[in-house]
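Worksheet: one structure, shown below.
Remember, it's a predicted structure, so these values are computed and weren't measured experimentally. The sequence lines fix the lettering, A, B, ..., with proteins before strands; numbering per chain opens at 1.
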Amino acid sequence: MIRLATCSLCGCFGCHMSFLDMDEKLFDLVEKVEFDRSPFTDIKSVGKCDIGLIEGGLCNEENVEVVKAFRENCGILVAVGACAINGGIPSMRNHFPLEACLAEAYLDGIGIDHPQIPSDPELPRLLDKVMPVHEAVKIDYFLPGCPPPAEAFEVLLEALLKGEEPQLPTNLIHYD
Amino acid sequence: MKTIHLDGHEIPFEDGQTVMDCALAADKPIAHLCHLPGYTPYGSCRLCTVKIDGRFSSACTQPAREGMQVESETEELKEMRLGILRMLFVEGNHYCPSCEKSGSCRLQHAAYNAGMLDPHYRPFYPKREMDASHPDILIDNDRCIFCALCVRASRDVDGKAVFDISGRGLATRLVVNSKSGLLVDTDISVEDKAVHVCPVGAILVKGRGFEVPIGMRLYD
Ligand code: SF4
């Protein structure tokens, strides 16, 4: 059995939804693959795996920790989707100072009742800028798209499961 | 008939034509962004870099000469084009999922054709101001690749000179020819050619966002 881990960092879970859009192909996949840490299993920490799929970019300290744990444990690491690859929509906050973003969300925004910036020590601290995952660890393959289409996941996994280099056809490359 | 050799094909040309002109006429297109047939060649994006008799040159600015040996679709040049595209992506802010030009964007299309899966470099996330002052036209400078097509269209076709490129290197920016620097204070109008030549989503007509459904856009 090939062990596969997935996670969503600073993303919207859209890539995971697109993964599930493989529909009936998932039946074939679970014959060959066992899920480790993933929102599909709710396992919280990553164990030794063959393949890791990273959705979302890096926006806080925990994201960096998770992606490093994935790198340590996964033989092949794939950045999945626009946010993991270039920061995506969340990186639009990079144009503003972090204080301004927090103020807008928790102090000055419309309809805020008890204005305060969350400071619970359990909350991971935000990074100054949202960054693609390849800024923290080496990434082996990239699957672009927002989200990548289900067929792109198929092409990727089919090749990786056979031990081949994934070759994404041009019609499956898109950035939106 | 005079000819050049492009990747082993013999391609006819007439005096005054560039390598790009005759390649396009022969339906052997060379990837390009800042070039548009009919406009004065500008040679800024370097995407059309080819090897002519062993030396690198931009196809859009190089006049065709009898017997030229032009290489374009070689591994070396494809690799260089991918590098140029990656740099263009990281130098600006290209958030494709939120851009209404997505799907009809020539930068995106060129990157798809080049098989670009990732930007490779660290994104700059430069801070650039948007000009939404004009009632009908929006400038989103995040996406400008400084191809100067709008500059040329405004000057040479519309006869207005609304735009120019100013600064050098990382400080390069698109400037608007008005005292305030805002588009609203120019004589640009929505019918102007300058509003419609932008290869990316930097100059947009307002009120038409996401008009064409996904799946039916120019390069879908
Ligand atoms: S606004 Fe568009 S047409 Fe003008 S220089 Fe920038 S990318 Fe080129």
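- In the model, A:Ser119 has no side-chain atom that pairs as donor or acceptor with a side-chain atom of A:Arg125 under 3.5 Å.
- Between the side chains of A:Asp21 and A:Ser18, not a single donor N or O lies within less than 3.5 Å of an accepting N or O.
- The pair A:Arg37-A:Asp42 fails the salt-bridge criterion, with no side-chain N (NZ, NE, NH1 or NH2) lying under 4.0 Å from an Asp/Glu carboxylate O.
- Of the two parts of B:Ala114, neither the backbone nor the side chain holds a non-hydrogen atom closer than 4.5 Å to a non-hydrogen atom of chain A.
- For A:Lys68 and A:Glu65, the salt-bridge test fails: no basic side-chain N is under 4.0 Å from an acidic carboxylate O.
- One finds no salt bridge joining B:Glu100 and B:Arg208 here, because no Lys/Arg side-chain nitrogen approaches an Asp/Glu carboxylate oxygen to under 4.0 Å.
- Contacts between residues 164-178 of chain B and chain A, counted as heavy-atom pairs separated by less than 4.5 Å, involve no residue at all.
- Using a 4.5 Å cut-off between heavy atoms, B:His109 does not touch chain A at all.
- Neither the backbone nor the side chain of B:Phe124 has a heavy atom closer than 4.5 Å to any heavy atom of chain A.
- When heavy atoms are compared at a cutoff of 4.5 Å, A:Asn94 approaches chain B solely by way of its side chain, counted from C-beta outward.
- Of the listed residues (A:Ser91, A:Pro144, A:Cys146, A:Pro132), the greatest number of heavy-atom pairs within a distance under 4.5 Å of chain B belongs to A:Ser91.
- Centroid-to-centroid, the aromatic rings of A:His16 and A:Phe13 come within less than 6.0 Å.
- Residue contact with chain A, scored on non-hydrogen atoms closer than 4.5 Å, involves the side chain of B:Phe89 exclusively.
- A salt bridge between A:Lys25 and A:Glu158 is absent, with no side-chain N of the basic residue lying under 4.0 Å from a carboxylate O of the acidic one.
- Using a 4.5 Å cut-off between heavy atoms, A:His95 contacts chain B through both its backbone and its side chain.
- With 3.5 Å as the limit, one finds a donor-acceptor pair spanning the side chains of B:Ser58 and B:Thr61.
- Classification of B:Lys101 and A:Asp176 as a salt-bridged pair fails, no side-chain N sitting under 4.0 Å from a carboxylate O.
- For B:Asn93, the part lying under 4.5 angstrom from a heavy atom of chain A is the side chain only.
- Taking a cutoff of 4.0 Å between a charged side-chain nitrogen and a carboxylate oxygen, B:Arg128 and B:Asp142 do not qualify as a salt bridge.
- The contact between A:Leu168 and chain B is made entirely by side chain atoms (from C-beta outward), counting heavy-atom distances below 4.5 Å.
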